[in-house]
Amino acid sequence: MRAVHRIPQPPHPTESRAVTEQNLPAPEIAEDLPEQMRVRRAKRDRLLAEGAEPYPVGFPRTATLAEIRTKYAELPTDTASGDRVGVTGRVIFIRNSGKLCFATLRDGDGAELQAMLSRDKVGAERLESWKRLVDLGDLVGVVGEVITSRRGELSVLADEWSMTAKALRPLPVAHKPLSEETRVRQRYVDLIVRPQAREVVRTRATVVRSLRESLFRRNFLEVETPMLQLLHGGASARPFVTHSNALDIDLYLRIAPELFLKRAMVGGIERVFEINRNFRNEGMDSTHSPEFAMLEAYQAYADYRVLQNEVRQWIQEAAEAVSGSHVVTHQDGTEVDLGGQWRTVTLFGALSEALGEEVTVRTDMSRLLQYAEKHDLSVDPKWSPGKLAEELFEHLVVPGLQEPTFVCDYPEATTPLTRPHREISGLTEKWDLYVRGFELATAYSELVDPVVQRERLVAQSLLAAGGDAEAMVLDEDFLRAMEYGMPPAGGMGMGIDRLLMALTGLGIRETILFPLVRPE
RNA sequence: GGGCUGCUAGCUCAAUGGCAGAGCUGUGGACUUUUAAUCCAUAGGUUCCGGGUUCGAGUCCCGGGCGGCCCA
């Protein structure tokens, strides 16, 4: 469906009048607006008074700025191409002089192109109108010939111009960085003035698409499972609670899709994944957002070792999609090589190395407590030895895990939904992948024995009943599904925001387009 | 949750307890090859909010709001 456009012929005002506040119609808007906003509203009124639309229905664009840049890349200095085009863009710089005006336009790709308006071409009145009514930040359309200026700048020399959307608010200074708070609260402004902000949006889209393609190539099916859940489960985290008026019951925003993806596995979807949002009602900091995107995938007849290889490849393929190789460049300029095989350690092996003494899943609580004291780790008396070992690991080892590292074999006590280790009792078949000191992904050999599963979930639900807000409640329907038989499987989860952090070196609020912020 | 710290013009930032300022932006003017154009002139303020101390508070004190950094 494509509208047929004529080149618009903006009406010529019968007289050329200076636009000042004195002779403008009184703005109907509140008088207490800052001067610059009053002026822009007045210019909008003035456009209407001249019979021009400040917000027309469209503009006959014949080429994007990027297309023109490509097509006329070789046009020599001070040359007219003879080709007439219609272009649009936001005015990001403006240089007006008496009879010749320059403006730099930028359009959706981030490509920039100069527009030139000379009195000879557009006429005195249209030039005057341009100078009086066009501000930095306005969206304009220009019809004219593609030329190069005497300085060699590729330009469109206008026969005509028109407003395509008048900006009523002034743009921030383009050459000074916006405060971090404004960047997050008014991302639309950040996107206008900071090319890097636009780049992140594209990078994120590239990464998500790459992940989907990686999984499609391996015959995974993408599904969407409930975000509104009757019961809270699938991970350890505090949920958001909401309410259904129709059912008159409280519902939970999901903290993980796991229990539904496993139901799908029971039903015969042997390779299944979902990329979508999870919600956790917990703290917000530089690596945690209350809503975050996650990839979760399950593969029948695979285990955590198979997934180790798979996940590494998916991430490497994403790196390649972003940067063309396994070496990604962070926004501070450092290069990070995600290629090759990645280091694999065991949790207790890495912990032993950090402590300088052999520690295993059998090491008793009193010795672990000594280590905790020695390293100033405050201990919660409710912790099991396994939990304490994991806390020691996070405290002593994780900050040093800058290169991608798989950490394998976690204590059973901390991983209730994971299959027991096939060789070492007390451990489970789980790995966490760390990069730059944070957890990027995790995977398990899934626990599929419905009897053991029930024992573990009952224990969890007792914790929940005892007041542990992070513990899961008993999901009888999930257990019923498991009793029909789920194939042996490996399962994994990876934070999309964190993958972006790993690939770009950004903080989580920079990787999320519109992160949650406290109300102003 | 604790410690430190910031909030001033549209934006980025100055201002010993003593007239609230600069650059960019805006406005008026000059300029037909500019590139963050240049030149002349000029406007613009609830100093986050509420109390207090003081002859006098952007500045000091107390409380609150919204950020940032570090720690838990």
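Scope of the values below: all heavy atoms of this structure, side chains included, with no hydrogens, waters or symmetry mates. Keep in mind that this is a model prediction, so the values were computed, not measured. Chain A is the first sequence line, chain B the second, and so forth, proteins listed ahead of strands; every chain is numbered from 1.
Side-chain rings of A/Tyr371 and A/His395 stay apart, their centers remaining 6.0 Å or farther from each other.
When the side-chain nitrogen and oxygen atoms of A/Lys176 are compared with OP1 and OP2 of B/rU12, none of them lie within a distance under 4.0 Å. The phosphate of B/rU27 (OP1 or OP2) has a side-chain N or O of A/Lys43 nearer than 4.0 angstrom. Phosphate contact (OP1/OP2 of B/rC31, side-chain N/O of A/Arg95, threshold under 4.0 Å): absent. OP1 and OP2 of B/rU35 both lie 4.0 Å or more from every side-chain N or O belonging to A/Arg106. Side-chain N/O atoms of A/Ser179 include none lying less than 4.0 angstrom from OP1 or OP2 on B/rG67. An OP1 or OP2 oxygen of B/rC66 is reached within less than 4.0 angstrom by no side-chain nitrogen or oxygen of A/Arg185.
Comparing the P positions of B/rU59 and B/rG2 gives a spacing of 25 Å, expressed to the nearest Å. Distance check on atom C1': B/rA41 versus B/rC48 gives 34 Å, rounded to whole Å. Look at the C1' atom in both B/rA57 and B/rG51: the space between them is 13 Å, to the nearest Å. With P as the reference atom, B/rC13 and B/rG18 are 24 Å apart, rounded to whole Å. Taking the C1' atoms as reference points, B/rA37 lies 14 Å from B/rU32, given to the whole Å. Taking atom C1' on both B/rG10 and B/rA72, the two are 40 Å apart, rounded to the nearest angstrom. The gap from the C1' atom of B/rC71 to that of B/rG17 amounts to 35 Å, rounded to the nearest Å. Between the C1' atoms of B/rC39 and B/rU46, the separation comes to 36 Å (whole Å).
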request  = Kindly indicate, with the supporting measurements, whether the criterion side chain to side chain contact (heavy atoms under 4.5 Å, CB included) is fulfilled by A/Val143 and A/Phe59.
outcome  = CA-CA 10 Å; A/Val143 175; A/Phe59 183 85; 3.7 Å; yes

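With a cut-off of 3.5 Å on both Watson-Crick or G-U wobble distances, the partner of B/rA20 is given as none. Partner assigned to B/rG45 is none, using Watson-Crick or G-U wobble distances below 3.5 angstrom.
A salt bridge is absent between A/Lys430 and A/Asp409: the closest approach of a Lys/Arg side-chain nitrogen to an acidic carboxylate oxygen does not fall below 4.0 angstrom. The pair A/Lys387-A/Asp380 does not count as a salt bridge, with every side-chain nitrogen at least 4.0 angstrom from each carboxylate oxygen.
For A/Thr182, counting side-chain heavy atoms from C-beta on, the closest listed nucleotide (B/rU12, B/rU32, B/rU27) is B/rU12. Out of B/rA72, B/rG23, B/rU32, the shortest distance to the side chain of A/Ser118 is found at B/rU32. In this structure, of B/rA36, B/rU32, B/rC11, it is B/rC11 that holds the atom nearest to the side chain of A/Val173. Here the side chain of A/Ser97 is nearest to one of B/rU32, B/rC66, B/rU27, namely B/rU32.
One side chain, A/Thr182 or A/Ser179, offers a donor N or O that lies under 3.5 Å from an acceptor on the other.
Atom NZ of A/Lys131 and atom C1' of B/rA37 are 14 Å apart (whole Å).
Checked by atom type and distance alone, the side chain of A/Ser352 pairs as donor or acceptor with a backbone atom of A/Phe348 at under 3.5 Å.
Across all strands shown, A/Glu153 has heavy atoms under 4.0 Å from base atoms, whether or not it also approaches the sugar-phosphate.
A donor-acceptor contact under 3.5 Å links the side chain of A/Gln36 to the base of B/rG10.
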